[in-house]
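The structure appears right after this line, and notes come after that.
Lettering follows sequence order; numbering is per chain, from 1. Predicted model only: the values in this text are computed from it and were never measured.
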Number of protein chains: 2
Amino acid sequence: MKEAQSKNVIVTVADVARLAGVSKATAARVLGGYGTVSDKVRLEVKAAAKALDYRPNELARSMTTGRSGTIGVVVGDIENPFFGSAVRGISDMARSAGFNVVLANSGEDVDVERAAIKTLVAKRVDGLIVSPARAGETEHLKEIGRSGRSLVLLDRAIPALGVDTVTADDRQAAEAVTRLLLARGHRRIAYVTACDTPDHLYREASDIHTASVRERIEGFIHAGRDAGISDMERWVRLGATTPDSIRSLAADLFGNVDMPSAIIASDSLIALELFKLARDSGIAMPDALSLLTFHDATWTAVTTPPVTVVRQPVYELGEAAARMLIERLKGVDAPPRHLVLPTELIERGSIAPPSR
Amino acid sequence: MKEAQSKNVIVTVADVARLAGVSKATAARVLGGYGTVSDKVRLEVKAAAKALDYRPNELARSMTTGRSGTIGVVVGDIENPFFGSAVRGISDMARSAGFNVVLANSGEDVDVERAAIKTLVAKRVDGLIVSPARAGETEHLKEIGRSGRSLVLLDRAIPALGVDTVTADDRQAAEAVTRLLLARGHRRIAYVTACDTPDHLYREASDIHTASVRERIEGFIHAGRDAGISDMERWVRLGATTPDSIRSLAADLFGNVDMPSAIIASDSLIALELFKLARDSGIAMPDALSLLTFHDATWTAVTTPPVTVVRQPVYELGEAAARMLIERLKGVDAPPRHLVLPTELIERGSIAPPSR
DNA sequence: TTGAAAGCGCTACCAT
DNA sequence: ATGGTAGCGCTTTCAA
């Protein structure tokens, strides 16, 4: 802080106008890039702005225009590569359309999500993209609409909300992979998810609050029923949230005489832990255990055996969500759209017929 | 838009004040939680606010207070798990201190970085955390200080800038792992980084614009020199930015009669590709090739062999950066601090003595 | 404890 | 094409 360089006084349009010898309105026009000004004046004002090191105040601008050029994004966990990709998609699309992104992490906690949305709205973001933690609690989401802002749901649909949504074809994908496993001869197939219920037991689909996972479980159970397996429910395992919880869950699964011959992991974090656990337990893959996971995380291609996955177009999911939101912000008025992006089964080496 | 529910008129303090039968100033005091008001009035105002469904306008608040409660974060690529963890650390710390995070992706492009910083400043973020793409171009970073805002550098130091910085002990870590490799008998050790020069050739450290990588290369070369290897430079390979570029780079490396017996990858994305390529080329690891990478990405523990890594405390890096920034925002006035977090070598199975 | 009034920096409307 | 001026919704003196 030696030199008093550009003193810390804030330079405003008024200052620039004064130096340029024009009115505040005129200076504002060239600085804000609107209205009409003569070339001569434009140059003079720009010179004055540069001389004074003028920096526009977007806050003030937003204040009068009512638009902030910002979209709020609420995801479960940015550390999860799934959301990492999605956010990248969102932010690339946003940037190319001139929008900024305010990011909030909910940690899959509705209360945090609620608070985040509240402050985002208070900060006057133009619209929001959220991956709602629980399909059942929607009051705060409705609040967004009430505040006059657009909302796009990412990866997790809540039809009752009637808002634009982008998801993958979860139910269909789950059904397909379950059928695949059945066709290969598997009868004991477990589905493992981070979602949870108070008593950690799965009873019916409505217990599952994450829409995308609920869809998958429905597909999973439906495919099993179709094949004549009536107790698919007991193969749904909940609460795989931390390495520890996955460990104990796996211990239960593997320790059972009635051990599953195949496991479907609901996300790549779960699959990674299960893979480690199986390996450490000396369970040979794919012969003693087949593994399949949702999300084509980078590592799945590099293990031995490489893991068969349901590839979700995650980046595109984010891109599409941002695109839809921006369309709304530009005034598109249409009934709520639900965009479903196709998944793709990538067969690698982690599936084989059951050994017994 | 059937029902005219809460009509889309914006409710302001004035409205609340009117309904509560008090002055605007008083209403603002209870709504904004400052000054002193009688309990009676407080209750009345709150009731009125609820009745009208009042939503504070943070923009207006920021406008008058000069603080936005927001910190800007500019990283290279949020899709890279490294930054994913760091951003999670930042955002957790920020949230617990009552700050929001505006995220911008530079894609490691200085021009984008420049633009991002400009709009972040225009949006009046209270301070910034950035992972500068190039150590050489600092004008836009200095600009942050000139605008009266605090800046914390994340993972990449630029000492000349004289700002708070959080990094890992890159140089020392690189030196240590190179010595380890040398001690195991390796003499042909390659260092592969995404950083690049115009002609893709490494000549001297100053060619490398990413500070953290420059440090590592210096450590790498220094350790080699110490062991009597004079041409370490030729083992530095640049431009490993995409799967394709890594493929051709690897082809060159592996195809050489003088193939390296060990490779140090500068990040986990590179390591992953190299791992795949080596496997697909039938190069046995670790016997025919030792691999070591910076960043303890989750997948490194799960491959065969698992990959030996330099664990950087990435989440903590982000946390610390946010903590330092927030301290500055709270008025801490101290000389620039450079926090160096220790790394840890995690030996797994990807290193063995050279086979020839 | 409460109220009146003056801005914060900008845009937007209405004149000229 | 340019200028004057009234706000945007809030905080913050200063008085009462």
Side-chain angles (χ1 to χ4, degrees), chain A residues 8-46 48-49 52-70 119 121-126 147-149, chain B residues 8-46 48-49 52-70 119 121-126 147-149:
Chain A
N8 235 358
V9 291
I10 288 148
V11 180
T12 73
V13 277
D15 300 320
V16 175
R18 202 172 309 121
L19 179 62
V22 298
S23 76
K24 212 175 63 166
T26 302
R29 274 190 270 260
V30 4
L31 264 15
Y34 57 92
T36 50
V37 227
S38 68
D39 291 350
K40 179 173 172 296
V41 172
R42 168 169 297 110
L43 258 41
E44 292 170 350
V45 172
K46 285 197 167 161
L52 293 176
D53 189 22
Y54 166 78
R55 290 193 204 78
N57 184 335
E58 284 294 342
L59 247 39
R61 186 170 288 169
S62 302
M63 185 81 191
T64 53
T65 61
R67 277 161 289 111
S68 64
T70 294
T119 73
V121 169
K123 286 215 189 302
R124 297 301 191 252
V125 295
D126 292 337
S147 83
R149 257 153 276 267
Chain B
N8 235 358
V9 291
I10 289 147
V11 180
T12 72
V13 276
D15 300 320
V16 176
R18 199 172 311 123
L19 180 62
V22 298
S23 76
K24 212 174 65 164
T26 302
R29 275 189 268 259
V30 4
L31 264 15
Y34 55 91
T36 48
V37 229
S38 69
D39 290 350
K40 178 173 174 294
V41 172
R42 167 169 296 109
L43 259 40
E44 290 171 350
V45 171
K46 284 196 168 165
L52 293 176
D53 190 24
Y54 166 78
R55 290 192 203 79
N57 183 336
E58 284 295 343
L59 246 39
R61 187 169 288 169
S62 302
M63 178 94 184
T64 52
T65 60
R67 278 162 288 110
S68 64
T70 294
T119 72
V121 170
K123 285 214 189 303
R124 298 299 191 255
V125 295
D126 292 337
S147 82
R149 257 154 275 268

Starting from [atom2] on [N], measure out to [atom1] on [X] and report it in whole angstrom.
| X | N | atom1 | atom2 | answer |
| --- | --- | --- | --- | --- |
| Leu52(B) | dG9(D) | CG | P | 14 Å |
| Asn57(B) | dC8(C) | CG | P | 18 Å |
| Ile10(B) | dC10(D) | CD1 | P | 10 Å |
| Arg124(B) | dC8(C) | CZ | P | 14 Å |
| Arg67(B) | dT11(D) | CZ | P | 10 Å |
| Arg55(B) | dG9(D) | CZ | P | 13 Å |
| Glu58(A) | dC8(C) | CD | C1' | 16 Å |
| Tyr54(A) | dG9(C) | OH | P | 10 Å |

Heavy-atom pair with the smallest gap, counting every atom of Val121(B) and Arg55(A) | CG1-CD, 3.9 Å

Could you check Thr64(A) against Ala60(B) and say which one's nearest nucleotide on DNA chain C is further toward the 5' end?
-> Ala60(B)

Do [X] and [Y] have side chains that approach each other closer than 4.5 Å (heavy atoms only, starting at C-beta)?
| X | Y | answer |
| --- | --- | --- |
| Glu58(A) | Thr119(B) | no |
| Thr70(A) | Lys123(A) | no |
| Arg124(B) | Met63(B) | no |
| Val13(A) | Val16(A) | no |

Pull out every residue in residues 32-41 of chain A that has a heavy atom closer than 4.0 Å to any atom of DNA chain D, ordered by number, or say none.
-> Thr36(A), Val37(A), Ser38(A), Val41(A)

Give, ordered by number, those residues of residues 14-30 of chain B having at least one heavy-atom distance below 4.0 Å to an atom of DNA chain D; if nothing qualifies, reply none.
-> Lys24(B), Ala25(B), Ala28(B)

From [X] [atom1] over to [Y] [atom2], what is the distance, rounded to the nearest 0.5 angstrom?
| X | Y | atom1 | atom2 | answer |
| --- | --- | --- | --- | --- |
| Asp53(B) | Ser147(A) | CG | OG | 9.5 Å |
| Thr36(B) | Arg42(B) | OG1 | CZ | 9.0 Å |
| Leu59(B) | Thr64(B) | CG | OG1 | 10.5 Å |
| Asn57(A) | Leu31(A) | CG | CG | 12.0 Å |

